[in-house]
Each structure stands twice: as C-alpha cells, then as structure tokens.
Amino acid sequence: MTATTLHEPAHREALWELESAFDRGDLVTLFGTCTVEYDGRAASSLGPGARLLVLKPDGSALVHTDEGRTPVNWQPPGSEHRAAVRDGRLRVRSVRTSPDETLDVWFSAVDQLTAYGVTGGRSVEVVGSEADLKERVIADPELVEAGFEPLATERESDAGPIDVFGRDAAGRPVVVELKRRRVGPAAAGQLARYVNAIEREEPDGTEVRGVLLAPSITDRARDLLADEGLEHVAADPPDGGGDAGDDT
C-alpha cells in the first residue's frame, strides 16, 4: 500500500492532493478543524470542532469525532467526492443524486491529509498498467473504434506527450488518452488540453477528436467530455502486471 501524507497543508495544496487522490481512486483521511453541513432528506449542521473525515473510493464519506464508533455524519457508497477552496476555507463535498443529498465539510485548518493507494480486499480489480493498455491498443486498434489507425505513441505536443495519436477511418486526427482505472474530471481536462494543442498544429477548420480510454469514468468526467465534444471508450488493461485498481 502506498501513502501520501501532508502535514498542515495550505488549502490549495490540500485541494490539489485531493483532486489527484480522487482521480487515482485512493482512500483519503483528513483531520482538522471543520464545520459540517448536511442537506437532503433533512438538514443538519455541526459547529467548529476537531474531526476526522474519511473518504472511500466507493463514494462513502464518514465524519468522526473522538467519541464512539459511529460517524456523526456520513454519506453512503455511490456518492461522489468533490473539493474546492471557497471563502478562505477548504470545502470537501460528498454528493448523492438518488435521493438528492449533499454533505459539506468546511475545513478552516487541515492538520493532516493522507491518501492511501489501497489495493487489497476489493471485490473488483483491474490489473495492468497504462503501458500494457498502450500495447493492447497498438496490437488491436479497433479497441478504440473500427478503422482507427495508430500513428505514434508519446507524441509530443505543446500540452505534453500524447499516449496514442492516430487517425480515424475518415482521416481525422484522433488523440487517445489512456487510463488504467476509473478516472474523474482531471483526466477529461487533460484530454481536452491535448486536443486543443493538436488543433493549433492542424490547418484551420480541422476536426480533432479526443478519446478517453479507461475502464470507467465519474459523472463529472462524463459531463466535461460531453461539454468538450470528446468521447469515452471503456476498456481494461490486460491481466498480468501493474497495480490493482478499482472501477467501482
């Protein structure tokens, strides 16, 4: 198990680590001074206090105090974790859509943030690395779509190296970003930057397509792809090597 720990991080530093941890599918713990607000089937609020927040990759969110085994507030699996800095505080939000429920934990100070790359004991595993997935695409281009022709891997662009660059059956440039497990909006934003970089290289009016190839994506990532006119193709890396992941 790998772990990243930040002690007394600034809010922006904590935000960046949270967004990365959500994309990786890590289990996250935050301890600090916070208030808690819940809105859903009822409404509740907790004043300032030292509390432990546990965010699990299955969507669970648990707020604990120093007493008892039961969280003082929580969200069930299937919720979506988000983070932002608002009004000088770090807001960690857990959203459930059916029924509509929102849990907001507002940190005035974070004493410790730890993100754990937990790989054992899950019911669903995706085994393989992004390099394995790249090899799979090169060997079987129709994994992206029928007629796709890969032309280069790690193709340089103004936005960074592109995992796989090619053309579709109509000859249009296609940027393929590979992820070995469930990803969020950061991956969709990364793909959009690569597509924009290739558009700057191509003649005016050239349609450049972008495909995010990953086992699964969050609702926020799906919305961002739709807004940018980009696509998602579900595919797992081949078995045999790399770290385990989770597409819950």
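All values below were derived from every heavy atom in this structure, side-chain atoms included, with hydrogens, water molecules and symmetry-related copies excluded.
- Side chains of P76 and R96 form a contact here, defined as non-hydrogen atoms less than 4.5 Å apart.
- Residue V208 is not grouped with residue V164 when hydrophobic side chains (ILVMFWY) are merged at heavy-atom distances under 4.5 angstrom, including chains of intermediate members.
- No path of Ile, Leu, Val, Met, Phe, Trp and Tyr side chains, each step under 4.5 Å between heavy atoms, connects L212 with F148, placing them in separate hydrophobic clusters.
- Within the structure, salt bridge (Lys or Arg N to Asp or Glu O under 4.0 Å) contacts touching residues 63-81 (residues at least two apart or in different chains) are E80-R82.
- For residues 140-149, every residue pair satisfying the side-chain hydrogen bond (donor to acceptor under 3.5 Å, both in side chains) rule, not counting sequence neighbours, is listed here: E145-R209.
- Among pairs with a residue in residues 27-51, those fulfilling salt bridge (Lys or Arg N to Asp or Glu O under 4.0 Å) read R41-E101, at least two apart in sequence or across chains.
- In this structure, OG on S157 lies 10.0 Å from CG on N196, to the nearest 0.5 angstrom.
- At a threshold of 4.5 Å between non-hydrogen side-chain atoms, the residues L55 and L30 count as touching.
- Taking 4.5 Å as the limit, some side-chain heavy atom of L90 sits within range of a side-chain heavy atom of L18.
- When all heavy atoms are compared, the tightest approach of T35 to G47 is CG2-C, 3.8 Å.
- When all heavy atoms of D100 and T97 are compared, the closest pair comes out as OD1-O, 2.8 Å.
- Although no hydrogens or angles enter the test, the distance criterion places a donor-acceptor pair under 3.5 Å between the side chain of H11 and the main chain of G88.
- Using modelled atom types, no side-chain atom of S20 and backbone atom of E17 make a donor-acceptor pair closer than 3.5 Å.
- Nearest approach of S94 to Q75, heavy atoms of both residues: O-NE2, 3.0 Å.
- Between F107 and L53, some side-chain heavy-atom pair lies under the 4.5 Å cut-off.
- Between the NZ atom of K179 and the CD1 atom of I217 there is a distance of 13.0 Å, given to the nearest 0.5 Å.
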- [ ] Test side-chain contact (heavy atoms from CB on, under 4.5 Å) on L113 and E13 and set out the steps.
- [x] CA-CA 10 Å; L113 184 161; E13 185 181 7; over 6 Å; no

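- A distance of 10.5 Å separates CD in E201 from CD in E156, rounded to the nearest 0.5 Å.
- Between the side chain of D23 and the main chain of G184, a donor-acceptor pair closer than 3.5 Å is present.
- No side-chain donor-acceptor contact under 3.5 Å links R181 to the backbone of P215.
- What you find for D26 and G117 is that their closest heavy atoms are OD1-CA, 3.6 Å.
- The closest side-chain heavy-atom distance from I162 to I198 is below 4.5 Å.
- Taken to the nearest 0.5 Å, the CD atom of Q190 stands 7.5 Å off from the CG atom of D163.
- Under the 4.5 Å side-chain heavy-atom criterion for grouping Ile, Leu, Val, Met, Phe, Trp and Tyr, V183 is not connected to V211 through any hydrophobic cluster.
- In this structure, the side chains of V233 and E231 stay at 4.5 Å or more apart for every pair of heavy atoms.
- T65 OG1 to N73 CG: the interatomic distance, rounded to the nearest 0.5 Å, is 11.5 Å.
- When side chains are defined from C-beta on, V36 does not count as touching V72, because their heavy atoms never get closer than 4.5 Å.
- Note that CG of L191 and CG of L230 are 5.0 Å apart. Values are rounded to the nearest 0.5 Å.
- Checked by atom type and distance alone, the side chain of H81 never pairs as donor or acceptor with a backbone atom of P57 at under 3.5 Å.
- Taken together through direct or relayed side-chain contacts under 4.5 Å among Ile, Leu, Val, Met, Phe, Trp and Tyr, V195 and V174 form parts of separate hydrophobic clusters.
- The two atoms that bring A221 and A188 nearest to each other are O-CB, 4.0 Å, heavy atoms only.
- With a 4.5 Å cut-off on side-chain heavy atoms, V110 and L6 do not count as touching.
- By the criterion of side-chain heavy atoms lying less than 4.5 angstrom apart, applied directly or through intervening Ile, Leu, Val, Met, Phe, Trp or Tyr residues, V54 is grouped together with F31 in one hydrophobic cluster.
- The two residues H232 and A214 come nearest to each other via the heavy atoms NE2-O, 2.9 Å.
- A salt bridge does not link E228 with R193: every distance from a Lys NZ or Arg NE/NH1/NH2 to an Asp or Glu carboxylate oxygen is 4.0 Å or more.
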